[in-house]
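There's a structure below that I have some questions on.
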Amino acid sequence: MDASPLATKAYIGIGQIKPLGIPVLPAAASGCGTTGGEGKASCGSSGGPDDMPAEIWEKVKNHPCYSEEAHHHYARMHVAVAPACNIQCNYCNRKYDCSNESRPGVVSQKLTPDQAVRKVVAVASEIPQMTVLGIAGPGDALANPAKTFETFRRLQEEAPDIKLCLSTNGLALPDYVDEIARYNVDHVTITINMVDAAVGEKIYPWIFWNHRRIVGREAAQILTDRQLLGLEMLTARGILTKINSVLIPGVNDEHLIEVNRAVKSRGAFLHNIMPLISEAEHGTVFGLTGQRGPSAQELKAVQDACAGGANLMRHCRQCRADAVGLLGEDRSEEFTLDKIAAMDIHYDLDKRQAYQARVEIERQAQHAAKQRALDAQAGLADADDDMKLLVAVATQGGGRVNEHFGHVTEFQIYEVSAAAASFVGHRRVDLYCQGGFGEDEQLPSIVQAINDCHAVLVAKIGACPRDELAAAGIEPVDAYVGEFIERAALSWFADYRGRIASGAVVHGPRGDAAIRQGAFTAAATNADAVA
Ligand code: CLF
Ligand code: SF4
């Protein structure tokens with residue numbers, strides 16, 4: 001398991017938001033495994049609008065990507081109006097979605113701005129907690145400026161309460177910052193995989209810029225210069241920026257620590273380090289040349305090494321360019337053009353706001369209840385206990401242990417010590433329960449996905465998976481049904497420490513875990529659905 005010695009701030013939660021323009025602190029020279037220690041772990045953090053500038057709170061509180069807590073309550077959608085791209089990434093095949101922002105799968109339907117606006121209004125009517133509209137491909141939003149900005153312009157008029165979000169590779173960004181500001185696009189994601197052209201030429205074979213195709217190191221140099229300039233320009237205008245970086249083992253893994261420093265110094269609000277998705281059947285250069293994606297341990301090591309720099313996002317689902325719904329779910333099939341045409345669409349702003357007010361009350365109640373549960377546990381920890389380990393959690397929401405093992409398509413992973421339990425990521429798995437019976441062939445891949453964990457906290461688990469997990473050294477735990485996750489993890493940890501002390505268990509390190517290729521979609525409940 002990861003041996004990072006200090007608590008990390010795993011994600012941005014309420015109360016962990018820093019204003020823009022904070023000075024750069026030089027990262028410790030020891031690189032991987034170092035940590036900033038700039039704040040408490042997420043567990044036990046209080047939070048709310050009092051903890052940050054009001055204008056930043058307003059921008060992030062309902063954005064599922066910019067606030068880990070918000071993603072349990074609020075949804076986003078993408079409209080695929082941007083098919084063209086102005087660069088080539090070695091992890092992308094033009095026949096597929098942009099791998100930066102989506103799992104490699106063909107976009108179902110490319111949309112005109114007209115169709116896109118109708119779709120957004122339809123979704124907003126049906127899903128009142130949908131608060132953010134993003135344009136994230138399937139190519140590059142700013143390589144298709146007319147369609148992108150026409151969509152934003154119309155939406156500002158027709159659905160003024162929806163936040164606008166844009167994702168770009170950054171090459172054209174400096175040319176469009178004024179336009180982005182004009183349409184009140186609150187959030188911009190730039191995919192920055194390197195700040196050194198020697199690294200960049202291994203990722204980007206060419207760019208198309210100033211009417212010509214440029215290759216090699218020159219191309220990478222122009223790209224990095226444009227990305228960083230665009231970031232600085234957005235920061236100067238107070239537009240929140242998120243940097244996505246694709247972790248490519250052996251190419252940019254340790255270099256991402258430098259990327260993190262570079263983007264933080266330019267005011268980036270959030271850094272999202274994502275695993276490379278690479279399979280030969282995707283037809284990408286990396287897929288065809290056998291470039292692998294990172295293991296779970298490799299991903300966490302780089303993320304941990306960046307802790308203390310720009311705030312880290314760890315709940316990204318690498319969603320499709322036409323995704324609809326909460327992160328981790330995809331309801332796009334409910335909103336095809338045919339189905340939208342048959343809908344009676346009525347955009348009711350009051351109804352949306354009333355619904356969101358109820359969501360907010362529930363969210364605050366959950367937050368307060370969790371805080372009370374954790375406060376009750378405070379002070380029980382042994383201050384000298386520096387052991388840290390990972391647990392997997394089966395949850396269907398509400399921040400509680402409340403899902404059956406067999407129904408899980410995504411485990412949440414928490415790092416737990418005597419003092420804190422922090423969300424550090426998620427692991428997609430194929431469903432074990434297949435309509436009344438357990439699919440034992442799935443078990444090895446599920447074990448592989450959480451193989452770095454010492455325990456799995458579930459609401460219920462059958463005898464067969466229980467035995468297989470135990471044989472693999474992962475303790476199945478169903479003693480905390482309905483408990484808040486952090487409290488359950490801390491209680492289990494205290495119990496585990498007690499059993500080590502009494503000799504009832506022998507503690508040992510865990511191994512690495514595999515990251516399942518491809519993002520979860522609704523269809524992924526069928527094992528065949530995702531490549
Ligand atoms: Fe979409 Fe991206 Fe906006 Fe979010 S996604 S354009 S910032 S609304 Fe979010 Fe999806 Fe990860 Fe992107 S989970 S891939 S980070
Ligand atoms: Fe593909 Fe996106 Fe890279 Fe363009 S920026 S090549 S669409 S991954």
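The analysis underlying the following values was restricted to heavy atoms, covering all of them including side chains, and did not include hydrogens, waters or symmetry mates. The structure presented is a predicted model; accordingly, all values stated were derived computationally and were not measured. Read the numbers this way: they start at 1 and go in the same order the structure lists the ligands and their atoms.
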### Under 4.0 Å to a heavy atom of Tyr91 - the qualifying atoms of ligand 2, by number
8 (S)
### Message
Under 4.0 Å, heavy-atom basis, I'd like to know which part of Cys85 is in contact with ligand 2: side chain, backbone, both or neither.
### Response
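For Cys85, only side-chain atoms sit under 4.0 Å from ligand 2.
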### Query
At their closest point, which heavy atom of Ile162 faces which heavy atom of Ala124, and how far apart are they?
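Nearest heavy atoms, Ile162 then Ala124: CD1-CB, 3.9 Å.
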#### Entry: Under 2.8 Å: N/O/S of Cys65 next to atom 4 (Fe) of ligand 1
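It does: Cys65 brings an N, O or S atom closer than 2.8 Å to atom 4 (Fe) of ligand 1.
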### Message
According to ring pair (Phe, Tyr, Trp, His ring centres under 6.0 Å), does anything in residues 110-159 pair up with another residue at least two apart or in another chain? List the pairs.
### Response
Phe149-Tyr176, Phe149-Tyr183
### Enumerated ligand 1 atoms positioned under 4.0 Å from heavy atoms of Cys165
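Listed by number with element, the hits are 3 (Fe), 6 (S), 7 (S), 8 (S).
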### Query
Of all the atoms in ligand 2, which lie at a distance below 4.0 Å from a heavy atom belonging to Cys92?
1 (Fe), 6 (S), 7 (S), 8 (S)
### Message
Can you tell me how the ring of Tyr66 sits relative to the ring of His187, calling it parallel under 30°, perpendicular over 60° and tilted otherwise?
### Response
perpendicular
### Query
At a 4.0 Å threshold, what atoms of ligand 2 neighbour a non-hydrogen atom of Pro138?
7 (S)
### For Val132, the ligand 1 atoms whose distance to one of its heavy atoms is below 4.0 Å
8 (S)
### Message
As an exercise, state the distance from CG of Leu171 to CZ of Phe208, rounded to the nearest 0.5 Å.
### Response
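Separation between the atoms: 10.5 Å.
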### Summary
So CD of Glu360 and NE2 of His367: to nearest 0.5 Å the spacing works out to 11.0 Å
### Task
Pull out every atom of ligand 1 sitting under 4.0 Å from any heavy atom of His78, numbered as shown with elements.
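Counting from 1, the qualifying ligand atoms are 1 (Fe), 5 (S), 6 (S), 8 (S).
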### Task
Work out which heavy atom in Ala268 is nearest to a heavy atom in Ile243; give both atom names and the distance.
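Of all heavy-atom pairs spanning Ala268 and Ile243, the closest is CB-CG1, 3.7 Å.
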### Query
Numbering the atoms of ligand 2 from 1, which are under 4.0 Å from a heavy atom of Gly139?
7 (S)
### Task
Classify the contact between Asp140 and ligand 2 as side chain, backbone, both or neither, using a heavy-atom distance cut-off of under 4.0 Å.
neither
### Query
Taking Glu69 as the fixed residue, which of Lys61, His315, Arg363 is the one that meets the side-chain hydrogen bond (donor to acceptor under 3.5 Å, both in side chains) rule?
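Going through the options one by one, the only one that passes is Arg363.
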### Task
Could you tell me whether His187 approaches ligand 1 through its side chain, its backbone, both or neither, with non-hydrogen atoms closer than 4.0 Å?
neither
### Task
For Arg317, counting its heavy atoms only, list the atoms of ligand 1 lying under 4.0 Å from any of them.
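Heavy-atom distances to Arg317 below 4.0 Å select 11 (Fe), 13 (S).
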### Partner of Cys306 under side-chain contact (heavy atoms from CB on, under 4.5 Å), chosen from Asn260, Val259, Asn311
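So the option named by the test is Asn260.
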### Message
Checking side-chain polar atoms at under 3.5 Å, does Thr168 have a donor or acceptor matched by the opposite partner on Asp140?
### Response
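Side chains of Thr168 and Asp140: pair found under 3.5 Å.
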### Message
Working note: Ile239 + Asp186, criterion side-chain contact (heavy atoms from CB on, under 4.5 Å); need CA distance, chi angles, decisive distance, verdict.
### Response
CA-CA 6 Å; Ile239 295 169; Asp186 274 336; over 6 Å; no
### Query
Looking at Thr189, which atoms of ligand 1 are within less than 4.0 Å of one of its heavy atoms?
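Near Thr189, meaning under 4.0 Å from one of its heavy atoms, ligand 1 has 7 (S).
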### Query
So is Met313 close enough to ligand 1, meaning a heavy atom under 4.0 angstrom away?
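Under 4.0 Å: yes for Met313.
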### Query
Roughly how far, to the nearest 0.5 Å, is the CZ atom of Arg314 from the CD atom of Gln412?
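Gln412 atom CD to Arg314 atom CZ measures 13.5 Å (nearest 0.5 Å).
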### Task
Kindly write out the residues that satisfy side chain to side chain donor-acceptor pair (under 3.5 Å) with Gln156, not counting sequence neighbours, or none if the list is empty.
none
### Task
Could you list the atoms of ligand 1 found under 4.0 angstrom from a heavy atom of Cys316?
11 (Fe), 13 (S), 14 (S), 15 (S)
#### Entry: Atoms of ligand 1, numbered as shown, that sit under 4.0 Å from any heavy atom of Lys242
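Matching atoms, with element in brackets: 7 (S), 15 (S).
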### Query
At a 4.0 Å threshold, what atoms of ligand 2 neighbour a non-hydrogen atom of Asn169?
5 (S)
### Message
Using a distance threshold of 2.8 Å, state whether an N, O or S atom of His315 lies below it from atom 11 (Fe) of ligand 1.
### Response
no
### Contacting atoms of ligand 1, where contact means under 4.0 angstrom from a heavy atom of Leu327
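Listed by number with element: 13 (S).
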